[in-house]
Undergrad: 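Once you've had a glance at the structure underneath, I'll fire off some questions.
If you read the sequence from its start, that first residue is 1, and numbering goes on from there. All values below come from the heavy atoms of this structure, side chains included, with hydrogens, waters and symmetry mates left out.
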Amino acid sequence: MDRPFYVTTPIYYVNDRPHIGHAYSTVATDVISRYQRIRGRSAYFMTGLDEHGLKIERRAKEEGLAPQDFVDQMAAPFRLAWEELECAHDGFIRTTSQQHRQNVQALWKLMEANGDVYLDDYEDWYCVGCESFKTEKELLEGNLCPIHQKPVERIKERSYFFRLSKYAQPLLDHYEAHPKFVQPEARFNEVKSFVREGLRDLSISRTSFRWGVPVPDDPEHVVYVWLDALMNYVSALGGPAEEGQAPLYDEFWRSAETIIHIVGKDILRFHAVYWPAFLLSAGIRLPTQVWAHGWLTVNGEKMSKSLGNFLPPGPLVEAFGADVLRYYFMREVGFGQDGDFSHRNLLNRYNGELANGLGNLMNRIVASILQKSLGGLVPGIDLDALEAIDRDLVAKAEACASDAAKHFEVLAFHRALDTIWDLVSATNKYVDSTQPWKLAKQGDDARLRQVCYTVLETLRWLSIMLFPVMPSKCNELRTQLGMQPLLPTEHLDLWPSAWGGLRPGTQTKAAKPLFPRFDESQERSILERLGVEAAPTEKNEVSAMTEPDQSKSSFIEIDDFTKVDLRVAVIKAAERVEKSNKLVRLLVDAGEAQPRQVLAGIAEHYAPEDLVGKRVVIVANLKPRKLMGLESQGMVLAASDESGLSLLGVDKAVAPGSRAK
Ligand code: MSP
């Protein structure tokens, strides 16, 4: 039986480039679909882009492009990122496609035909970052969105509504009947309490901008971007608009055994409340599960597109390779938990677990003893004559395969990898105890063969169990074992179960180490290339420039203050400092014969091109100092709080060089 399995990522807003938060979702979804495939199931992996809405329309305008040209341009970096990360999606949907637009309109009509759409006046708060309405209760002081910490906008217009209120009870009934509908459990409880409080009808159209799908029969309105976006999961397969002529829709939606939406915790409500309500109204089946993963911080700091400090996956893939990054994502953070992406931890895991663990195991046997003593051939042995220590390892491998599968089934990737790494360690210990190099020296050929075979067969098992997470490395490993790469075909469960599959006489092909160990200077140069090595020193210097030590504050004399030469300066040129995340090199006119060069740690908060022309205040008599090899002749003043950093300026066009006192 096929048991069709459909798994999706959220569709990403194209207002910015992909970052590691997006990569994390997409890698997890790829791991799930690869796991399902090697279990013989027919899996379909969908991802794509959310291209409509006010946020995108505004971004396109900022870029001076027509919205369609802008989104066309932004699609490429996403496709490239997934290719680089070996995320082998089957479908890639863009919400500006004709097929999608037709399906959004078809969904609208189905909900309308069910009596769930009506026209009314509307007034509420709206966060453009979230593309979502907010109740007063949700807002922070000063009418700020709690997620983006930016002011929300007051919206007052005529709008179509969806009778969401009618679906509170049907949703609660559905949750009751499907106790795993939302994972993790704690998040499901939040969803249930939200719905139990009662649901307000939802505004589902807008008239104040054009960038969206027109409402059927009332093109003055465009469909609310979340209704549009959620429909992607169905429209990408052909959807109800192509009813009867959409084999993918039939297989992976209508009769799929499993449909899982992988989403970040911030967008769970849309997926676990609105989306199933739309589907109930339209008479379309519901997904089987919505899985909300946590959020990643970067080296301990919050990352988000709207705060501007995001980390693109490309340079990390270039530095470590796709599989290492995939491994780190899946191993470091319990799926469903928040976690931190730390370059240091990544290196530690690389050296400790990949190079010293799995890589070392390969080297010790395949590249070393097997070549030297057995001509690189897989030895033939009598499997019934194994010694107790060998049988223990076989039992360990069998338990590992069964436990890791259980963990993969429920998306506990970190647990699956923990279990698999127990086996890697046990196999390394087995090599330590059996000492094959000694057996070779002693000429104990029979025992040497048994030991080598046991390790090689364990490696074969590992090459399958790790395939969903590290597809390329596993196929490299298999090539070195003299085996075919894994090319999962549906209907065939490849998960290891029978010991002894590795054929004696197979010629192994030892090649370069799977995970060469990085020494300290290599680590340093990788971190430097990624702009991280400089972080401790650079960070100290940057914060010294922007954050005076509060603890020492006490009264100063006016003379002390006048020692500080504060001057108004106009920024004439600005560019990022190479290899630095934080520094911008500025040329400022401080009323002197020549512009001065000042370095400022503001790159995460301002784009260089936005700085040119700004009037700022500088400390003009600060002793020049070198940062990243460049001399800074002064300091730009800025103030920062949780919402970001802001440069100090003057409120009239005061002449450059004017003294502030
Ligand atoms: N377009 C909507 C989704 C529509 S799905 C029908 C959207 N797009 S997004 O680009 O803003 O975010 C996409 C996903 O990235 C979300 O699941 C979000 O949780 C995830 N992440 C964004 N930043 C993240 C981290 N820092 N860490 C992990 N995931 C994060 O929302």
Side-chain angles (χ1 to χ4, degrees), residues 7-34 44-51 55-56 59-60 63 69-97 229 232-233 236 261-264 266-267 293-299 303-333 335 339-343 346 350 413 468-473 526 529-532 581 604:
V7 62
T8 65
T9 71
I11 50 170
Y12 303 108
Y13 285 130
V14 289
N15 57 320
D16 233 319
R17 286 165 177 263
H19 60 58
I20 58 156
H22 304 140
Y24 178 66
S25 255
T26 313
V27 165
T29 310
D30 186 62
V31 170
I32 296 166
S33 68
R34 284 181 189 268
Y44 204 91
F45 163 16
M46 184 70 73
T47 188
L49 302 175
D50 194 349
E51 303 189 330
K55 174 155 65 176
I56 310 288
R59 230 0 225 118
E63 293 292 314
D69 293 339
F70 173 69
V71 299
D72 286 348
Q73 187 178 304
M74 291 305 286
F78 282 89
R79 284 186 187 277
L80 178 68
W82 308 154
E83 200 180 307
E84 283 176 346
L85 275 164
E86 303 206 22
C87 293
H89 49 78
D90 300 288
F92 190 93
I93 167 117
R94 296 181 52 191
T95 53
T96 47
S97 69
N232 92 84
Y233 300 126
H261 297 314
I262 301 298
V263 301
D266 55 316
I267 57 170
H293 65 69
W295 268 46
L296 297 182
T297 48
V298 175
N299 298 319
M303 178 191 64
S304 87
K305 279 189 290 190
S306 49
L307 297 180
N309 65 338
F310 66 87
L311 195 62
L316 294 166
V317 173
E318 210 180 292
F320 300 104
D323 283 18
V324 174
L325 192 57
R326 291 168 63 104
Y327 171 78
Y328 177 72
F329 279 152
M330 296 296 99
R331 182 87 199 259
E332 178 75 15
V333 187
F335 204 56
D340 187 43
F341 178 94
S342 139
H343 293 83
L346 170 50
Y350 177 86
F413 312 114
V469 178
M470 295 193 283
S472 288
K473 290 290 175 189
I526 290 175
R529 246 185 299 140
L530 292 169
V532 185
N581 284 337
E604 291 167 317

Undergrad: Could you tell me whether a side-chain N or O of R34 sits under 3.5 Å from a main-chain N or O of M470, the two making a donor and an acceptor?
TA: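 No, R34 side chain to M470 backbone: no donor-acceptor pair under 3.5 Å.
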Undergrad: Out of curiosity, L296 CG to L311 CG, how far, rounded to the nearest 0.5 Å?
TA: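 L296 atom CG to L311 atom CG measures 10.0 Å (nearest 0.5 Å).
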Undergrad: If I compare all heavy atoms of P313 with all of L85, which pair ends up nearest, and what's the gap?
TA: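 That would be CB-CD1, 4.0 Å.
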Undergrad: For residues T9 and Y233, report the shortest heavy-atom separation together with the two atoms involved.
TA: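 For T9 and Y233, the tightest heavy-atom pair comes out as O-CE2, 3.4 Å.
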Undergrad: Can you name the nearest heavy-atom pair linking P10 to S25, along with the distance?
TA: CD-OG, 3.9 Å
Undergrad: F413 versus I32: any side-chain heavy-atom pair under 4.5 Å?
TA: yes
Undergrad: Determine whether a donor-acceptor pair (N or O, by modelled atom type, separation under 3.5 Å) exists between the side chain of R94 and the backbone of L49.
TA: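 No: the side chain of R94 does not pair with the backbone of L49.
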Undergrad: Nearest 0.5 angstrom please: M74 CE to Y13 OH, how far?
TA: 14.5 Å
Undergrad: Would you call S33 and H89 a side-chain contact if the rule is heavy atoms closer than 4.5 Å?
TA: no
Undergrad: On the 0 to 90° scale, with breaks at 30° and 60°, tag the F320-Y350 ring pair as parallel, tilted or perpendicular.
TA: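 The arrangement is tilted - the two ring planes meet at 30° to 60°.
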Undergrad: Looking at P315 and P312, what are the two nearest heavy atoms and their distance?
TA: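 Closest approach of P315 to P312, heavy atoms only: CD-O, 3.6 Å.
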Undergrad: Please check this pair: side chain of T95 against backbone of D50, looking for a donor-acceptor N/O pair closer than 3.5 Å.
TA: no
Undergrad: How are the rings of Y24 and F329 set to each other: parallel, tilted or perpendicular (split at 30° and 60°)?
TA: perpendicular
Undergrad: Just so I know, are the side chains of T26 and F45 near enough to count as touching, which here means a heavy-atom distance under 4.5 Å?
TA: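 A side-chain contact under 4.5 Å exists here.
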Undergrad: Might you work through the side-chain contact (heavy atoms from CB on, under 4.5 Å) test for T8 and H261, ending with a clear yes or no?
TA: CA-CA 5 Å; T8 65; H261 297 314; 2.8 Å; yes
Undergrad: Would a 4.5 Å heavy-atom cut-off, applied to side chains only, mark N15 and I56 as touching?
TA: yes
Undergrad: Is any side-chain heavy atom of E86 closer than 4.5 Å to one of P471?
TA: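 With C-beta onward as the side chain, the pair touches.
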Undergrad: Take atom CD in E63; do more than 12 heavy atoms of anything else shown fall under 6.0 Å from it?
TA: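 Yes, because the 6.0 Å sphere around CD of E63 holds more than 12 heavy atoms from other groups.
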Undergrad: Is the H22 ring parallel, tilted or perpendicular to the F78 ring (thresholds 30°, 60°)?
TA: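 Because their plane-to-plane angle lies in the 30° to 60° range, the rings of H22 and F78 count as tilted.
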Undergrad: Do the side chains of R529 and I526 get nearer than 4.5 Å, heavy atoms only?
TA: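 Side chain of I526 against side chain of R529, heavy atoms only: contact under 4.5 Å found.
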Undergrad: Distance from E332 atom CD to L346 atom CG, nearest 0.5 Å?
TA: 8.5 Å
Undergrad: Side chains of M46 and T29: closer than 4.5 Å at any heavy-atom pair?
TA: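 Not in contact.
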Undergrad: Please test L316 against H343 for side-chain contact (heavy atoms from CB on, under 4.5 Å), starting from the C-alpha separation and ending with a verdict.
TA: CA-CA 9 Å; L316 294 166; H343 293 83; 3.8 Å; yes
Undergrad: For S342, does its backbone N or O pair with a side-chain atom of Y328 as donor and acceptor, under 3.5 Å?
TA: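 Yes, the answer is positive, given that a donor and an acceptor are paired below the 3.5 Å cut-off.
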Undergrad: For R326 versus V469, what's the shortest heavy-atom pair and its separation?
TA: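 Of all heavy-atom pairs spanning R326 and V469, the closest is NE-O, 2.8 Å.
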Undergrad: Do F92 and T47 come close enough that some side-chain heavy atom pair is under 4.5 Å?
TA: yes
Undergrad: So, for N232 and I93, which heavy atoms are closest and what is the spacing to 0.1 Å?
TA: OD1-CG2, 3.5 Å
